[in-house]
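Written out below as structure tokens is the structure these notes cover.
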Number of protein chains: 2
Amino acid sequence: MKISTKGRYALRMLVDLAEHQQNGFISLNEIAKRQDISKKYLEQIIPIFNNTDVLRTSRGPQGGYMLAKSPDRYTVGEILRITEGSLAPVDCAAQDPVECARGTECVMLPVWQGLNKVINDYLDSITLQDILDREQDRYANDYII
Amino acid sequence: MKISTKGRYALRMLVDLAEHQQNGFISLNEIAKRQDISKKYLEQIIPIFNNTDVLRTSRGPQGGYMLAKSPDRYTVGEILRITEGSLAPVDCAAQDPVECARGTECVMLPVWQGLNKVINDYLDSITLQDILDREQDRYANDYII
DNA sequence: CAATATTACCATGGATTTAATAGGAATACA
DNA sequence: TGTATTCCTATTAAATCCATGGTAATATTG
């Protein structure tokens, strides 16, 4: 019942891009160093976002990545559903359910459907902007103290 | 972000035992057939419950397993935490957190802690008895129609 | 305009975990 | 003593995570 490194690294990468929005294209090298994540592994995570209107890309010197939309238009749930494939805790409770032999008779199915709902509802309630704001709040509090 | 087969099979096994409480010890053969789960794999799942006051065991002919408590005294969350090790979606949000280099500075930590809470709260709100009751309700409705 | 350096992109492989399958030893009842 | 059962220990097959090495595109510089 773990979020994979793919999803966690992808989120940290997108938050990093959001924090440095004003700097234009950001290279993977920069992100990998700042976040202490293998650059080579990040390279494998990025293609997952192809054709999803998440990232903009530029190759060559001064190239890199930037967010395609403003941070308040990404939810954590949306990002994780892309990287993880689905957030459903079991395949039979997914949006596009994989039915098992027991079908709708399964005593556990309602439990899993309920779990799927609380997970997705929670993660869809948080945007990248919320994460930036919370960070900013903490920083402000530290400053006051 | 999946519940492993260990947890899913364990739950179905315990629900099966709850459904047949009145029959005394139930053999793995019976459960495996009824639930269409590999008996050999179930044998490996059971020892996870050693020293947890979940099951009672009897070897030899007429042996098998039975619940150690009444079904309303097991929550789904409790069972899954035993089989899965922890339900925390990331290790840093677990009860006994594995700290990472970023420690409490991590911008994602509050998100994961919140997710951990909604998952555990939901799963702790459901007991084995609830699952039996819901099954009974559905059966009753079918009968009326 | 050509060379070069910088960047994204692509394919493969190894280590570790998960999900089973398999064989047999220990135990207890009849 | 025989047999039904739990218990224990490999072995295998697939997926996941991450590292390595090489290729292609492009902005800058001379």
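Sequence lines set the chain letters: A, B, ... in the order given, protein chains first and strands last, and positions in each chain run from 1. Values below: all heavy atoms of this structure, side chains included; hydrogens, waters and symmetry mates excluded.
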Do the side chains of [X] and [Y] get close enough for a salt bridge, i.e. N-O under 4.0 angstrom?
X: B/R81; Y: B/D124; answer: yes
X: A/D91; Y: B/K2; answer: yes
X: B/K40; Y: B/E43; answer: yes

Compare side-chain N and O positions of [X] against OP1 and OP2 of [N] and report whether any pair is under 4.0 Å apart.
X: A/T57; N: C/dA8; answer: no
X: B/Y41; N: D/dT12; answer: no
X: A/S38; N: D/dA19; answer: yes
X: A/T5; N: D/dT16; answer: no

Quiz prompt | Nearest-nucleotide comparison on DNA chain C, the residue closer to the 5′ end among B/Q62 and A/Q44 | solution =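 Upstream on the strand: A/Q44.
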
Quiz prompt | Of A/P61 and A/N50, the one whose closest DNA chain C nucleotide lies more 5' | solution =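 The 5'-side residue here is A/P61.
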
Just the rounded figure in Å: distance from [atom2] of [N] to [atom1] of [X].
X: A/I3; N: D/dT16; atom1: CD1; atom2: P; result: 14 Å
X: A/I45; N: D/dT16; atom1: CD1; atom2: C1'; result: 12 Å
X: A/F25; N: D/dA25; atom1: CZ; atom2: P; result: 18 Å
X: B/E30; N: D/dA4; atom1: CD; atom2: P; result: 15 Å
X: A/Y65; N: C/dT7; atom1: OH; atom2: P; result: 12 Å
X: B/K33; N: D/dA4; atom1: NZ; atom2: C1'; result: 12 Å
X: A/R56; N: D/dT26; atom1: CZ; atom2: C1'; result: 16 Å
X: B/M1; N: D/dA15; atom1: CE; atom2: C1'; result: 19 Å

Quiz item: Base, sugar-phosphate, or nothing for B/K2, non-hydrogen atoms under 4.0 angstrom?
Solution: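 The residue B/K2 makes no contact with any strand.
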
Quiz item: Which is true for B/Y9 with a 4.0 Å heavy-atom rule: it touches a base, it touches only sugar-phosphate, or it touches nothing?
Solution: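 Sugar-phosphate contact only - B/Y9 comes under 4.0 Å of backbone atoms but never of a base.
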
Quiz prompt | Out of D/dC17, D/dC7, C/dC9, whichever nucleotide has its closest atom nearest the side chain of B/E43 | solution =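 So the side chain of B/E43 is nearest to D/dC7.
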
Quiz item: For B/D16, does its backbone N or O pair with a side-chain atom of B/Q35 as donor and acceptor, under 3.5 Å?
Solution: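 Side chain of B/Q35 to backbone of B/D16: no pair is present.
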
Quiz item: Closest nucleotide of DNA chain D for A/R59 versus for A/R8: which of these residues is on the 5' side?
Solution: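 Looking at the nearest nucleotide for each, A/R8 comes out on the 5' side.
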
Practice problem: Report yes if a donor N or O on one partner sits less than 3.5 Å from an acceptor N or O on the other, where the partners are the side chain of A/K40 and the base of C/dG13; otherwise report no. | Solution: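 No, no donor-acceptor pair under 3.5 Å.
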
Exercise. Check the side chains of B/S27 and B/N29 for a donor-acceptor pair under 3.5 angstrom, ignoring hydrogens and angles.
Key: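 Distance-only check fails for B/N29 and B/S27.
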
